[in-house]
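Every heavy atom of this structure was used, including side-chain atoms; hydrogens, water molecules and symmetry mates were not. Along the sequence shown, residues carry numbers from 1.
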Amino acid sequence: MPSPTWLADLPRHRLLAEYSMWSADLIRLADDLARIEPHADLLHIDVADGHFAPALLFFPDLVARMHSATTRPIHVHLMVADAVLLEQITQFADAGADLISIHVENAAVADAALSLLASRNVASGMVARIETPVANLAPYLDGLDFVTLLGTAIGVKGQGLDPTAGPRLQEAKALIAQSNRNIVLAADGGIRDTTVPLLRAAGAQTVVLGSLAFGAPDLAARMVWLHAL
């Protein structure tokens, strides 16, 4: 498990690497987890209910097993309907998630969700879909540690980066600066060797890596490249 001060200890002088376990070899997950351990700043677990997002992913027991096998903080991204959001937070907090992100589109239960995360001493994040105005995040910034902007349609792998992703990151960066909070700004979706430099230049402090990391012929070299951006 990570240090209790993992959030404050995240490097802020370089781009962070957040590894999406959706892109790991799910048959050999333990092997992939060990392989990426020296390189990942965070592990990213997507959770989808088949309603809020079209996929069906992952579950608390997986997070619990990973929590016992890694020193990296685990970021759970909940893509679930309002009706189950609070119960999902409880289950993944119990499983050992270090950071849980809800969606700004869960507005009806967002305040209750953030209060629950605070009561469980779990870091709080919020995600905005590509079609959602970035300004919708503003009322919640005082209670957030991470803000993630999706650069593609939700819950579908392998898409190209939406052309609005860069300007949206710039808008979010400005909102965070106005909040005077040390919130990490993340980009998720459409992460390619051609897009990461653009996202970094637009203000991304971490990117959610899929095949760009797991499919790299030389992972150490890929991380040297990433950290130099």
Measure across [X] and [Y] and return the closest heavy-atom pair with its distance rounded to 0.1 Å.
{"X": "Leu226", "Y": "Ala17", "answer": "CD2-CB, 3.7 Å"}
{"X": "Ala123", "Y": "Leu7", "answer": "CB-CD2, 4.4 Å"}
{"X": "Ala48", "Y": "Ala55", "answer": "CB-O, 3.4 Å"}
{"X": "Leu99", "Y": "Ser124", "answer": "CD1-C, 3.7 Å"}
{"X": "Ala204", "Y": "Ala187", "answer": "CB-CB, 4.1 Å"}
{"X": "Glu18", "Y": "Ala186", "answer": "OE1-CB, 4.5 Å"}

[X] side, atom [atom1]; [Y] side, atom [atom2] - distance, nearest 0.5 Å:
{"X": "Leu219", "Y": "Phe214", "atom1": "CG", "atom2": "CZ", "result": "8.5 Å"}
{"X": "Leu33", "Y": "Arg65", "atom1": "CG", "atom2": "CZ", "result": "11.0 Å"}
{"X": "Leu62", "Y": "His67", "atom1": "CG", "atom2": "NE2", "result": "13.0 Å"}
{"X": "Leu144", "Y": "Leu114", "atom1": "CG", "atom2": "CG", "result": "6.0 Å"}
{"X": "Met126", "Y": "Ile102", "atom1": "CE", "atom2": "CD1", "result": "4.0 Å"}
{"X": "Ile36", "Y": "Leu209", "atom1": "CD1", "atom2": "CG", "result": "9.5 Å"}

- Count the heavy atoms of every other residue, nucleotide or ligand shown that sit under 6.0 Å from CZ of Arg200, and state whether that count exceeds 12. yes

- Query: Considering residues, nucleotides and ligands other than Asp218, do more than 12 of their heavy atoms fall under 6.0 Å from its CG?
  - Reply: yes

Checking [X] side chain against [Y] main chain: does a donor-acceptor pair fall under 3.5 Å?
{"X": "Gln205", "Y": "Leu185", "answer": "yes"}
{"X": "Asp46", "Y": "Phe58", "answer": "no"}
{"X": "Glu105", "Y": "Ala128", "answer": "no"}
{"X": "Asp31", "Y": "Arg28", "answer": "no"}

Is any side-chain heavy atom of [X] less than 4.5 Å from a side-chain heavy atom of [Y]?
{"X": "Pro11", "Y": "Asp41", "answer": "yes"}
{"X": "Glu37", "Y": "Thr71", "answer": "yes"}
{"X": "Val196", "Y": "Leu15", "answer": "yes"}
{"X": "Leu175", "Y": "Val134", "answer": "yes"}
{"X": "His44", "Y": "Met21", "answer": "no"}
{"X": "Ile89", "Y": "Leu78", "answer": "yes"}
{"X": "Arg168", "Y": "Ile130", "answer": "yes"}
{"X": "Tyr19", "Y": "His39", "answer": "yes"}

Single-linkage hydrophobic cluster [X]~[Y], side-chain heavy atoms < 4.5 angstrom:
{"X": "Val109", "Y": "Val76", "result": "yes"}
{"X": "Ile191", "Y": "Leu198", "result": "no"}
{"X": "Leu229", "Y": "Leu10", "result": "no"}
{"X": "Val184", "Y": "Leu137", "result": "no"}
{"X": "Leu57", "Y": "Met66", "result": "yes"}

- Task: For this output row, return yes or no: ring centroids of His75 and Phe146 closer than 6.0 angstrom.
- Result: yes

Could you list the residues that satisfy side-chain contact (heavy atoms from CB on, under 4.5 Å) with [X], not counting sequence neighbours?
{"X": "Asp111", "value": "Tyr140"}
{"X": "Ala95", "value": "Pro60, Val63, Ala64"}
{"X": "Thr195", "value": "Leu161, Arg192, Leu199"}
{"X": "Arg120", "value": "Thr90, Ala93, Asp94, Leu116, Val122"}

- Task: Give me the other members of the hydrophobic cluster that Leu150 sits in, counting Ile, Leu, Val, Met, Phe, Trp and Tyr linked by side-chain heavy atoms under 4.5 Å, directly or via other members.
- Result: Phe52, Met79, Val127, Ile154

- Passes side chain to side chain contact (heavy atoms under 4.5 Å, CB included), Leu42 versus Ile74? Steps please. CA-CA 6 Å; Leu42 301 102; Ile74 296 175; over 6 Å; no

- Evaluate the salt bridge (charged side-chain N to carboxylate O under 4.0 Å, His left out) criterion for residues Arg35 and Asp25: first the C-alpha distance (whole Å), next the side-chain angles of each, then the deciding distance (0.1 Å), finally the verdict. CA-CA 11 Å; Arg35 181 169 70 93; Asp25 184 337; over 6 Å; no

- Thr132 and Asn136 side chains, donor-acceptor separation under 3.5 Å: no

- Message: Under a 3.5 Å cutoff, is there a donor and acceptor pairing between the side chains of Thr148 and His77?
- Response: no

- Message: For His227, run the side-chain hydrogen bond (donor to acceptor under 3.5 Å, both in side chains) check against Arg222, His13, Arg14 and tell me which one passes.
- Response: Arg14

- Applied to residues 176-188, the salt bridge (Lys or Arg N to Asp or Glu O under 4.0 Å) test, sequence neighbours excluded, yields Asp145-Arg181

